[in-house]
Amino acid sequence: MLRSHTLGEIPSLQGKEVRVCGWIHDIRVLGRIAFIILRDRYGFAQVTLIRGLVGKEKFRKYTKIPRESVVCIRGRVQKSEQAKLGFEILPEEIEVLNRADSPLPLGVADKVDAEIDTRIENRFLDMRKREILSIFEIRNIILQGIREYLLANNFIEVHTPKIVATATEGGTELFPVKYFEKNAYLNQSPQLYKQMLMAAGLDRVLEVAPAFRAEEHNTTRHLNEFISIDIEMSFANEEDAMQMLEGSIVNAIRKLKEEREEEMKTLEIEWDVPKLPFRRITYDEALEIVKNNGIEMEWGEDFSAEALNALGSELQEFYFITRWPMEIKPFYVLPDGKYSHAFDLMYGEKEITSGAQRNHIYESLVEVMRSKGLNPENFEYYLRAFRYGMPPHAGWGLGLERLTMIVTGVKNIRECVIFPRDRTRLVP
Ligand code: 4AD
Ligand code: MG
């Protein structure tokens, strides 16, 4: 083992000999004494170098190690009134494992803001900053909180293909892929596969996987590759699916408060566990709010960015929009006259989730497909699952980055992906 402890463990190890490893965050030399701030994922440590103790030679050598170099330090942990962290390490030996070039393309310790492009190009450096790391620690806890809740509710986690033959969410946002002699696409959503698993009798499925959308527009809330948390449940309607969703989100926020207090402080965010049930408004009620804000909108239109802002100005909370017009929802949604059994989960002006009770009646599904200009023959692999015993079912798809954006309060969705894919970015 290169290290005996992480920096998160050492505050409780006073008087002990340790070997800790990490990055040199900063070095301050004050005459015959110097302070090296060491950093790892779990915390910081002040390493106090006293020239009289380590010797002239080592003192000079150690204080010249460039910032962000990777080192291991052997020494003793000691309580300290002066040290900001309440303890310090008195080193015997500092070993440089990997020397950092200087100058750094991006500062880590300094408080200067860099452009998002520079930051992403140097993401490995950018993520060494506490406020950036915190976003991903929080993203992870949100995901685990949702997964934990769903697994406790008997969902089985599955993986479906990402190279597929047909669109699910509309034909224009597809990335084509050459698949030997056939034309294929990157999947926009596991929608059709998770529904087929209802016919397979899996009853409740969960999938966490990338989804691909060839969105042409570059916005602060669209990515070309995002992580979709999808569920599908049998013998269930949209209300059952909505309850599963609000329960998952409440569990995620509870877990966040319990386990990521430090990161929430770093990002200066506060959350109360939302009260259940979340507010539910119908599409018609949402339309009224939009119109009352002086925005023109016809029944049957989707909400424009402006309309969403109007909703957001009145509803700074998690809320559902239910009973959507069927004409603006995908073919697999269960119709109800000109309405549908679809819902969206929103927070302010942002959509986090779309879901619905699905149309499980073969003849009706084929009819809706035709009315939306789709050729049922292209979907034969999917449709056959509806002819030999398909239970009624419902489900949803949640964009993990959208939810992370809301929880962390960041303004650009790219902040919530380590290596974002957008209209122009393919590396790193
Ligand atoms: O609303 P969408 O397109 O719905 C579906 O994919 C359905 N198959 C879900 C279902 O089960 N009925 O996408 C679901 C969610 C959105 O609410 C949003 O949070 C996220 O996925 N999303 C995106 N996130 C980032 N960038 C994009 N381009 C996204 N497109 C959708
Ligand atoms: Mg949607």
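Just so you know, ligand 1 is whichever comes first in the structure, and atom 1 is the first atom listed for that ligand. In this chain, residues are counted from 1 in sequence order.
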Peer 1: So do Glu232 and Gln195 actually touch side chain to side chain, heavy atoms under 4.5 Å?
Peer 2: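 SC-SC contact between Gln195 and Glu232 confirmed.
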
Peer 1: With sequence neighbours left out, write down each residue that passes side-chain hydrogen bond (donor to acceptor under 3.5 Å, both in side chains) with Tyr319, or none if nothing qualifies.
Peer 2: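 For Tyr319, no residue satisfies side-chain hydrogen bond (donor to acceptor under 3.5 Å, both in side chains) once neighbours in sequence are set aside.
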
Peer 1: Report yes or no: is the cationic atom of Arg323 (NZ for Lys, CZ for Arg) under 6.0 Å from the centre of the six-membered ring of Tyr339, at an angle within 45° of the ring normal?
Peer 2: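 So Arg323 does make the cation-pi contact.
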
Peer 1: From Leu365 CG over to Met390 CE, what is the distance, rounded to the nearest 0.5 angstrom?
Peer 2: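 Interatomic distance, Leu365 CG to Met390 CE, rounded to 0.5 Å: 8.5 Å.
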
Peer 1: Hey, would you say the Tyr283 and Phe303 ring centroids sit under 6.0 Å apart?
Peer 2: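 Aromatic pair counts; centres sit under 6.0 Å.
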
Peer 1: For Arg213, give me all partners under side-chain hydrogen bond (donor to acceptor under 3.5 Å, both in side chains), at least two apart in sequence or on another chain.
Peer 2: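 By the side-chain hydrogen bond (donor to acceptor under 3.5 Å, both in side chains) rule, Arg213 matches no residue at all.
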
Peer 1: Look at the side chain of Asp272 and the backbone N and O of Pro274, then say whether any donor-acceptor pair between them is shorter than 3.5 Å.
Peer 2: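 Such a contact is absent between Asp272 side chain and Pro274 backbone.
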
Peer 1: Under 2.8 Å from the Mg ion (ligand 2), which protein N, O or S atoms are there? Could you list them by chain and number?
Peer 2: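 N, O, S partners closer than 2.8 Å: Glu351 OE2, Ser354 OG.
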
Peer 1: Determine whether the aromatic ring centres of His25 and Phe44 lie less than 6.0 Å apart.
Peer 2: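 Yes.
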
Peer 1: With a 4.0 Å heavy-atom cut-off, what residues sit around ligand 1?
Peer 2: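 Answer by chain and number: Glu169, Ser189, Gln191, Lys194, Arg213, Glu215, Arg221, His222, Leu223, Phe226, Asp230, Tyr332, Glu351, Ile352, Thr353, Ser354, Gly355, Arg358, Trp396, Gly397, Gly399, Arg402, Ile413.
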
Peer 1: With a 3.5 Å cut-off and no angle check, do the side chains of Thr322 and Glu238 form a donor-acceptor pair?
Peer 2: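 The answer is no; no qualifying pair exists.
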
